[in-house]
Visitor: 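Starting off with a structure, shown below.
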Amino acid sequence: MPEEERSGAADSVGVAEDLSTKLEKTFAPAQFEERWYRTWEAEGRFQPVGPPGSPRFVMVIPPPNVTGRLHIGHAFGRTLEDVLARWKRMRGHRVLWVPGTDHAGIATQMVIERQLAKEGINKRDLGREKFVERVWLWKREAKDNIQSQIRRLGCSLDWTRERFTLDPDLSQAVRHAFVRLYEDGLIYRGRYVVNWCPRCGTAVSDLEVVHKDVDGSLYRIRYDVPGVASGAVVATTRPETMLGDTALAIHPDDPRTAKFRGKTAVLPIVGRELPVIEDAILVDREFGTGIVKVTPAHDANDFAVGERHGLPQVVVIGPEGKMTAEAGEYAGLDRLEAREKIVGRLRSENRLAGIDPHRHSLGHCQRCDTVIEPYLSTQWFVKVKPLAEPAIRAVESDEIRFVPEMWTKTYFEWMRNIHDWCISRQLWWGHRIPAFTCANGHLTVSEKDPSTCPKCGSSEMAQDPDVLDTWFSSQLWPFSVFGWPKETDDYREFYPTDVLVTGYDILFFWVARMIMAGIHFTGSVPFSTVHLHGLVRLAGAKMSKTRGNVIDPLVAIEEFGADALRFAYASSATAGTTVTLDSERLSGSRNFATKIWNAARFTLSQIQGKPRAETFEGRALTLPDRWILSRLSRTAADANRSLADFRFDEAAAMLYGFLWHEFCDGYLEMVKPLLSSRDGDETAAETARGVLYRCLSDSLALLHPFMPFLTEEVWEKLTRRPGTLIVSPYPMRDAALEDPRAEAAVERLRALVTRVRNFRGERKVSPTEPVSLWIDADEGADDADGLRELAPLLRHLGRLSALTFGPPPTGAQRDVVSGVPIGLALPAGAAHADRARIEKTLAQLDRELEELSGKLRNPAFLDKAPPDVVAKTRRRQAELEERRAALGSAAFE
RNA sequence: AGGCUCGUAGCUCAGGGGGAGAGCACUACCUUGACACGGUAGGGGUCAGCGGUUCAAAUCCGCUCGAGCCUACCA
């Protein structure tokens, strides 16, 4: 951003005099947050406008599920996105951030089912149509809640473009995508063993199965094998599935089991004859007895074996987890009850060779935690390999970049071992599968509902009752929101998007699938950068004990303000995998907001009604002026760099440090004497007021992406341009302001002041006790180190009773601070030094000096270390020696 | 079974081959004309352990221990 744009069209000296520029004494964010949000929205700030030719910056929101309200995890991601959006907007980009929500098939259906259950209503009695109506009612409420939460957070989303995954045009996109994949041969229907949740009554994908280690049992069961006296002992963790066994399998090369080759076993209880088959893929020669029971209808591996060997499939567990008629006397029992009974029967028949404790991994339903059953059923699948290959290449070639980079590896791992995706769900809420079967059994897949069968002309067409996996529509989100497959203006202008921000937990569910779908359907990657942030963990005990459980971001906003919540998020957003949010960080951020508020109040009170410099050209700037402006430029540079690297924590820390410790603790204290003296240097005061204005206004701009409300509020009072900070230029490095000598001089001043105060501490005297300071240098010498110019400030800040240039008298405590030899003294008779404390410092110095001289005595170091490192070490040694000598000389007078 | 990440101050976490950092908490003092949601000063760490590479390791490599996460069709 050019410098001219920042200073704006202003006179050389401006005056702020309007009384309305005063800030309220107490900082109460609730008073202005909603007002500013309304203003921005009404003025179209959230819409993509910008100077012609300006670059665009596009994001789509990861659409929250309409299952309820947002929790702190959502608010975290949205905050990061808004920081990016506001930053880019201020950097002159045409920013578009698209809002929306996800219908979240299985999750939302469960919410409604639970509600109905409470009312004593059975979903089936209600019927599909009524049920879906009810979900729509709920959806409206949930969406409104979510939207208002996001608004309260301050997110600058373009609400005129809000989308929902079940909107008519997005539903059309889903049908289009389905048909296209079908026609491309990438969607197929078939009867396979899938992950089945008996409670939800639907198939789920591999990703929706949560594996947990559980302590179970391994049951060893003896099957009779005519011709082999000992019979065959097989092991299983699920004895009830034996009723569906249709074979036993051995490894073709295992001598232990060779005797079973070609034999036929008899299934206990049922009496069915089971061929002994040989299968090198299924059977692990090393494991157990080397004989495996084969249950093609209830195990994915066994299913594959069954296909290879043409085995019958006997379904003994039904869709609700109850034993089927095939289970004979056990029919109707829950699978776990059946297990008990079957084990009892086997025991009584003396067929139980043993039960061993067995810890193994067991799949659970992601939604309801029910144990997943492998279940044979007809489902729709996406053939993923052909889609995955280009998606892998897109990341290999850096067309898409993951931040942090470590996720790239995880992405590759999964993508290279990807399995076909079961996309049909036996649910009511979602996109109906666009497949139709006529009375004669002909299947038609079509974007528009067909009225007659294209094959036989039958007009009795029934649509597949199943719906699609929610993620099938989510994967289209970055382009379906823009009207795809129609070539709309928005699609042309805003797709592909730039950055996607989301939690790493949905890397496979969503991100990977968007990449695959984006490339397949639109020919381009859907975004160029993926920022995967950590997942928010509440520092539970602390927060819940003192505040009640702060789960809803609104609760945190009420208590601390939206800006504080946002700042707490940003400063917690480290590159790791968990983000810990605790009430300490929230109150710390609230304190920071208050600090800014008070600094602004002070600044305004100083500027008000008085002339101030608008530009600094041709003006004599004091060292403190030059120091703080230099630091301002570096801070702006750092903030921009950190944001470009998605290091929100770094940027937040930089701004915090600059504003609090340099601007407030440093500069404000330095200019107070100048500004408050009646007969002071009016030109210097005018300059200082200009510097104050510049630092504060730039700080507000730098902080605006993090704390939009507070900064906009103060900006209005400061600049009297209400509501414009959001579109003001983001401060950048301004090399002309950088002044290393001024920085060094003021750092030296601050170190000296600290030493004086610390000297009082050493002697245990009050901060008001008069102290004399000698600076062992010639007063008349040139002021290269700035000490002479800064002497009055040093006297003031150090509360010195005397400041003398020249050698300190005997009896004064000597020291060296930032290379400056000094002497310090209290009035005669004042307290004595804290011996222990000084001795400790001396011991520390000795230790460090020992280390340094050790290094410098080492020829290898002198020979091999870079010259600048050696020089630096020498310099440091000299400094420390000087300090050691000074401190030691008169330490205990 | 594989893979990834992480063990740094009491807590939460930055840093990352050449002088151990921040915020909070803690101690002492300060009702100083913006701010006690504040100021000033201070205490506190063989950077998990062991070995290696290097002139130099908290930082790179290997192993061990500990924590977390992810993937997976071991009966």
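In what follows, every chain begins at residue 1, and chains take the letters A, B, ... in the order their sequences are listed. Predicted model only: the values in this text are computed from it and were never measured.
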Visitor: Could you write out RNA chain B as dot-bracket? Rules: Watson-Crick or G-U wobble, both distances under 3.5 Å, brackets [ ] for crossings, | for pairs with another strand, dot for unpaired.
Guide: ((((((((.[[[[.)..(..]]]].(((((.......))))).....[[[[[..)....]]]]])))))))....
Visitor: Just N and O in the side chain of Arg647(A): are any of them under 4.0 Å from OP1 or OP2 of G15(B)?
Guide: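 So the side chain of Arg647(A) is within the cut-off, an N or O lying under 4.0 Å from OP1 or OP2 of G15(B).
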Visitor: Determine the Euclidean distance between corresponding P atoms of U12(B) and G68(B); express it in Å to zero decimal places.
Guide: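 Those two atoms are separated by 14 Å.
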Visitor: Across the strands shown, which category fits Ala300(A) at heavy-atom distances under 4.0 angstrom: base, sugar-phosphate, nothing?
Guide: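 Touches nothing.
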Visitor: With respect to the phosphate group of C35(B), does any side-chain polar atom (N or O) of Asn591(A) fall under 4.0 Å of OP1 or OP2?
Guide: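 Checking Asn591(A) against C35(B): no side-chain N or O falls below 4.0 Å of OP1 or OP2.
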Visitor: Does the side chain of Lys855(A) come under 3.5 Å of the side chain of Ser853(A) through a donor N or O and an acceptor N or O?
Guide: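 No.
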Visitor: For Glu762(A) and U40(B), what is the distance between atoms CD and C1' respectively, to the nearest whole Å?
Guide: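 Distance check: Glu762(A) CD to U40(B) C1' gives 15 Å.
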Visitor: Between Asn858(A) and Ala860(A), is there a donor-acceptor pair closer than 3.5 Å when you use the side chain of the first and the backbone of the second?
Guide: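 Yes, Asn858(A) side chain to Ala860(A) backbone: donor-acceptor pair under 3.5 Å.
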Visitor: Assign Arg757(A) to base, sugar-phosphate, or nothing according to its heavy-atom contacts below 4.0 angstrom with the strands shown.
Guide: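 The residue Arg757(A) makes sugar-phosphate contact but no base contact.
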Visitor: Under 4.0 angstrom, heavy atoms only, what part of the nucleic acid is Thr754(A) near: base, sugar-phosphate, or nothing?
Guide: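 Thr754(A): backbone/sugar contact only, no base atoms under 4.0 Å.
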Visitor: Can you tell if the side chain of Arg339(A) reaches within under 4.5 Å of the side chain of Arg238(A), non-hydrogen atoms only?
Guide: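 SC-SC contact between Arg339(A) and Arg238(A) confirmed.
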Visitor: Base, sugar-phosphate alone, or nothing: which one does Phe508(A) contact when heavy atoms must sit under 4.0 Å apart?
Guide: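 Phe508(A): backbone/sugar contact only, no base atoms under 4.0 Å.
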Visitor: Of the options A14(B), A34(B), C37(B), whose atoms approach the side-chain atoms of Glu669(A) most closely?
Guide: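 From the listed options, A34(B) comes nearest.
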Visitor: By the 4.0 Å heavy-atom rule, please label His358(A) as base, sugar-phosphate, or nothing.
Guide: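 The residue His358(A) makes sugar-phosphate contact but no base contact.
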Visitor: Taking for each residue the nucleotide of RNA chain B bearing the nearest heavy atom, is the 5' side occupied by Asp213(A) or by Asn858(A)?
Guide: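 Its nearest nucleotide being more 5', the pick is Asn858(A).
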Visitor: OP1 or OP2 of G23(B) sitting under 4.0 Å from any side-chain N/O of Ser571(A)?
Guide: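 No, outside the criterion.
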Visitor: Check whether His364(A) reaches the backbone of Leu362(A) with its side chain - one donor and one acceptor, N or O, closer than 3.5 Å.
Guide: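 Side chain of His364(A) to backbone of Leu362(A), a donor-acceptor pair under 3.5 Å: yes, one is there.
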Visitor: Assign Asp665(A) to base, sugar-phosphate, or nothing according to its heavy-atom contacts below 4.0 angstrom with the strands shown.
Guide: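 Answer is sugar-phosphate: Asp665(A) comes under 4.0 Å of backbone atoms only.
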Visitor: Contact class for Glu650(A) (heavy atom, under 4.0 Å): base, sugar-phosphate, or nothing?
Guide: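 The residue Glu650(A) makes no contact with any strand.
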Visitor: Looking at the base of A56(B), is there any donor atom on it, or on the side chain of Glu851(A), that sits under 3.5 Å from an acceptor on the other one?
Guide: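 Flag unset: no donor-acceptor pair detected.
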Visitor: Rounded to whole angstroms, how far apart are CH2 on Trp510(A) and C1' on C70(B)?
Guide: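 From Trp510(A) CH2 to C70(B) C1': 20 Å.
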Visitor: Answer yes if the ring centres of Phe381(A) and Trp421(A) are under 6.0 angstrom apart, and no otherwise.
Guide: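 Centroid separation for Phe381(A) and Trp421(A): 6.0 Å or greater.
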Visitor: OP1 or OP2 of U71(B) sitting under 4.0 Å from any side-chain N/O of Lys212(A)?
Guide: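 For Lys212(A), the contact criterion (side-chain N or O under 4.0 Å from OP1 or OP2 of U71(B)) is not met.
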Visitor: Specify whether Phe508(A) and Trp414(A) have parallel, tilted or perpendicular ring planes, treating 30° as the upper limit for parallel and 60° as the lower limit for perpendicular.
Guide: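 Judged by the thresholds at 30° and 60°, the geometry between Phe508(A) and Trp414(A) is parallel.
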Visitor: Tell me whether Lys672(A) forms a cation-pi arrangement with Phe602(A), defined as NZ or CZ under 6.0 Å from the six-membered ring centre and within 45 degrees of its axis.
Guide: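 Yes, Lys672(A) lies over the aromatic ring of Phe602(A).
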Visitor: With heavy-atom distances below 4.5 Å as the criterion, would you say the side chains of Val234(A) and Leu248(A) are in contact?
Guide: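 In short, these two side chains touch, coming nearer than 4.5 Å.
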Visitor: Within this structure, what is the OH-to-C1' distance between Tyr569(A) and G23(B), rounded to whole angstrom?
Guide: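 So the OH-C1' distance, Tyr569(A) to G23(B), works out to 18 Å.
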Visitor: Are any non-hydrogen side-chain atoms of Gln877(A) and Leu856(A) less than 4.5 angstrom apart?
Guide: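 Gln877(A) vs Leu856(A): side chains touch.
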Visitor: Distance between the C1' atoms of U64(B) and C73(B), in whole angstroms?
Guide: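 Roughly 33 Å separates the two C1' atoms.
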Visitor: NA contact type, Leu282(A), heavy-atom cut-off 4.0 Å: base, sugar-phosphate, or nothing?
Guide: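 Here Leu282(A) touches the bases of the nucleic acid.
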Visitor: Looking only at atom C1', what distance separates A48(B) and U5(B), rounded to whole Å?
Guide: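 After rounding to an integer number of Å, I get 16 Å for this pair.
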Visitor: Does the structure place the NZ or CZ of Arg416(A) under 6.0 Å from the centre of the six-membered ring of Phe412(A), at an angle of no more than 45° from the ring's axis?
Guide: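 Ring-cation test returns yes.
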Visitor: In whole angstroms, how far is the C1' atom of C37(B) from the CD atom of Glu584(A)?
Guide: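 From Glu584(A) CD to C37(B) C1': 14 Å.
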Visitor: What are the atom names and distances for every N/O pair under 3.5 Å that joins the protein to nucleotides 1-10 of chain B?
Guide:
from  : atom 1 : to        : atom 2 : distance (Å)
C4(B) : OP1    : Lys409(A) : NZ     : 3.2

Visitor: I need the residues from residues 862-871 of chain A with at least one non-hydrogen atom less than 4.0 Å from RNA chain B; give them sorted by number, or say none.
Guide: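 Those residues whose heavy atoms fall under 4.0 Å from RNA chain B, taken from residues 862-871 of chain A in numerical order, are Lys864(A), Ala865(A), Pro866(A), Val869(A).
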Visitor: Using the six-membered ring wherever Trp is involved, compare the ring planes of Phe592(A) and Trp660(A) and label them parallel, tilted or perpendicular (cut-offs 30° and 60°).
Guide: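 If you compare the ring of Phe592(A) with that of Trp660(A), the planes turn out parallel.
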Visitor: Take the protein atom CG of Asn417(A) and the nucleotide atom P of U71(B), then report the distance between them rounded to whole Å.
Guide: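 Spelled out: CG on Asn417(A) to P on U71(B) is 13 Å.
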Visitor: Kindly say whether, by distance alone, the side chain of Lys672(A) makes a donor-acceptor pair under 3.5 Å with the base of A34(B)?
Guide: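 Check passes, donor-acceptor contact within cut-off.
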Visitor: Indicate, with a heavy-atom threshold strictly under 4.0 Å, whether Leu668(A) touches base, sugar-phosphate, or nothing.
Guide: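 Counting heavy atoms under 4.0 Å across all strands, the contact made by Leu668(A) includes a base.
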Visitor: Calculate the interatomic distance between Phe602(A) atom CZ and G39(B) atom P; express it in whole Å.
Guide: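 Whole-Å distance recorded here is 14 Å.
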Visitor: Classify Arg799(A) by what it touches in the nucleic acid, base, sugar-phosphate, or nothing, heavy-atom distance under 4.0 Å.
Guide: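 Arg799(A): base contact, heavy atoms under 4.0 Å.
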Visitor: G45(B) and G10(B): how far apart are their C1' atoms, nearest whole angstrom?
Guide: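 That atom pair is separated by 11 Å.
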Visitor: Flag the pair Tyr375(A) / Trp196(A) as yes when their ring centroid distance falls below 6.0 Å, and as no otherwise.
Guide: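 For Tyr375(A) and Trp196(A), the ring centres are under 6.0 Å apart.
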Visitor: Which value, in whole Å, describes the distance between the C1' atoms of nucleotides U8(B) and G21(B)?
Guide: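 Those two atoms are separated by 10 Å.
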Visitor: Quick one: does Ser361(A)'s side chain get under 4.5 Å of Lys212(A)'s, heavy atoms only?
Guide: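 Of all side-chain heavy-atom pairs linking Lys212(A) with Ser361(A), none is under 4.5 Å.
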Visitor: Rounding to the closest angstrom, what is the interatomic distance between U53(B) and G7(B) at atom C1'?
Guide: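 Each nucleotide's C1' atom is 23 Å from the other's.
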Visitor: For the P atoms, the ones on A22(B) and on A9(B), what distance do you get once it is rounded to whole angstrom?
Guide: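 Roughly 13 Å separates the two P atoms.
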Visitor: Which of the following nucleotides, C55(B), G44(B), C35(B), is nearest to the side chain of Lys840(A)?
Guide: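 Looking only at side-chain atoms, Lys840(A) lies closest to G44(B).
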Visitor: Could you measure between the two C1' atoms, the one in G49(B) and the one in G44(B), and give it in whole Å?
Guide: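 G49(B) and G44(B) have their C1' atoms separated by 23 Å.
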Visitor: Return no unless some side-chain N or O of His661(A) is found under 4.0 Å from OP1 or OP2 of G23(B).
Guide: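 Answer yes for this pair, as a side-chain N or O of His661(A) is under 4.0 Å from OP1 or OP2.
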Visitor: For the pair made of CZ in Phe303(A) and P in C74(B), what is the distance, rounded to whole Å?
Guide: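 Spelled out: CZ on Phe303(A) to P on C74(B) is 18 Å.
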Visitor: Have Asp279(A) and His251(A) got a donor and an acceptor in their side chains that come within less than 3.5 Å?
Guide: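 No pair is found: no donor N or O on one side chain lies under 3.5 Å from an acceptor on the other.
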Visitor: Just how far, in rounded Å, is P of C24(B) from CZ of Phe567(A)?
Guide: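 Spelled out: CZ on Phe567(A) to P on C24(B) is 12 Å.
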Visitor: If we only count heavy atoms from C-beta on, is the Phe509(A) to Thr502(A) side-chain gap below 4.5 Å?
Guide: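 Contact flag for Phe509(A)/Thr502(A) side chains = no.
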